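Have a look at the structure below before the remarks.
Below, each value reflects all heavy atoms present in this structure, side chains not excepted, and no hydrogens, waters or symmetry copies. What you see is a predicted model, and the numbers here were worked out from it, not measured in a lab.
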Amino acid sequence: AWKFKVCLEYHIGNCKGPCEGLQSEEEYMHEIEQVHDILKGNLGPAKKYFQERMETAAGRLAFEEAHKLKSKLEFLE
């Protein structure tokens, strides 16, 4: 028997656990849209998405989350 319900990717921060209901379907699908845009070479929507999420996280004083989002934004730029 497994000790954890979610996969290793969740525990190392690469996944938000949609399979266990830890991420809403709406949020999951919105992130998938960003992946599609990035793969098509259309970086504008993804940049805007990460910028808005970074600002929201900083406004909540969630600085670690904001930093991760900033890193993703910088990678796209």
Side-chain angles (χ1 to χ4, degrees):
W2 291 97
K3 185 176 180 179
F4 303 107
K5 287 185 175 184
V6 289
C7 66
L8 178 61
E9 292 296 317
Y10 172 81
H11 290 287
I12 61 174
N14 290 337
C15 179
K16 295 182 181 178
C19 63
E20 291 294 325
L22 300 175
Q23 179 184 32
S24 72
E25 181 177 353
E26 180 181 353
E27 182 184 353
Y28 177 79
M29 293 308 295
H30 195 61
E31 290 187 359
I32 293 297
E33 288 176 27
Q34 307 315 309
V35 172
H36 285 155
D37 282 335
I38 291 168
L39 291 174
K40 291 178 192 174
N42 186 9
L43 303 181
K47 287 181 182 180
K48 182 179 178 188
Y49 173 76
F50 288 123
Q51 180 73 38
E52 289 172 355
R53 290 195 57 211
M54 180 184 70
E55 291 171 1
T56 299
R60 303 193 315 267
L61 304 180
F63 298 118
E64 185 174 324
E65 179 183 350
H67 178 72
K68 288 178 184 177
L69 291 162
K70 181 180 179 188
S71 295
K72 292 178 181 183
L73 182 61
E74 288 173 347
F75 179 77
L76 289 175
E77 291 177 349

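In this structure, A58 and A66 approach most closely via the heavy-atom pair N-CB, 3.9 Å. Between Y10 and G17 the shortest heavy-atom distance is CD1-N, 3.6 Å. Heavy atoms only, all atoms of each residue included: L22 and K16 are closest at CB-O, 3.3 Å.
Between E77 atom CD and K70 atom NZ the span is 10.0 Å, to the nearest 0.5 Å. Within the model, atoms CD of E64 and NZ of K68 stand 4.5 Å from one another, a figure rounded to the nearest 0.5 Å. Rounding to the nearest 0.5 angstrom, the gap separating the NE2 atom in H67 from the CZ atom in F63 is 13.0 Å. Taking SG of C19 as the start and OH of Y28 as the end, the distance is 9.5 Å to the nearest 0.5 Å.
Other residues, nucleotides and ligands contribute at most 12 non-hydrogen atoms within 6.0 Å of the NZ atom of K72. Counting non-hydrogen atoms of neighbouring residues, nucleotides and ligands closer than 6.0 angstrom, the CD atom of E74 exceeds 12 such neighbours.
Of the possible donor and acceptor atoms, one in the side chain of Q34 sits under 3.5 Å from a partner among the backbone N and O of H30.
The cluster map of Ile, Leu, Val, Met, Phe, Trp and Tyr, joined by side-chain heavy atoms under 4.5 Å apart, puts L73 and I38 in the same cluster. A chain of hydrophobic side-chain contacts below 4.5 Å, direct or via other Ile, Leu, Val, Met, Phe, Trp or Tyr residues, connects L69 to L76. Using a 4.5 Å cut-off between side-chain heavy atoms of Ile, Leu, Val, Met, Phe, Trp and Tyr, with links allowed through other members, M54 and L43 fall into the same hydrophobic cluster.
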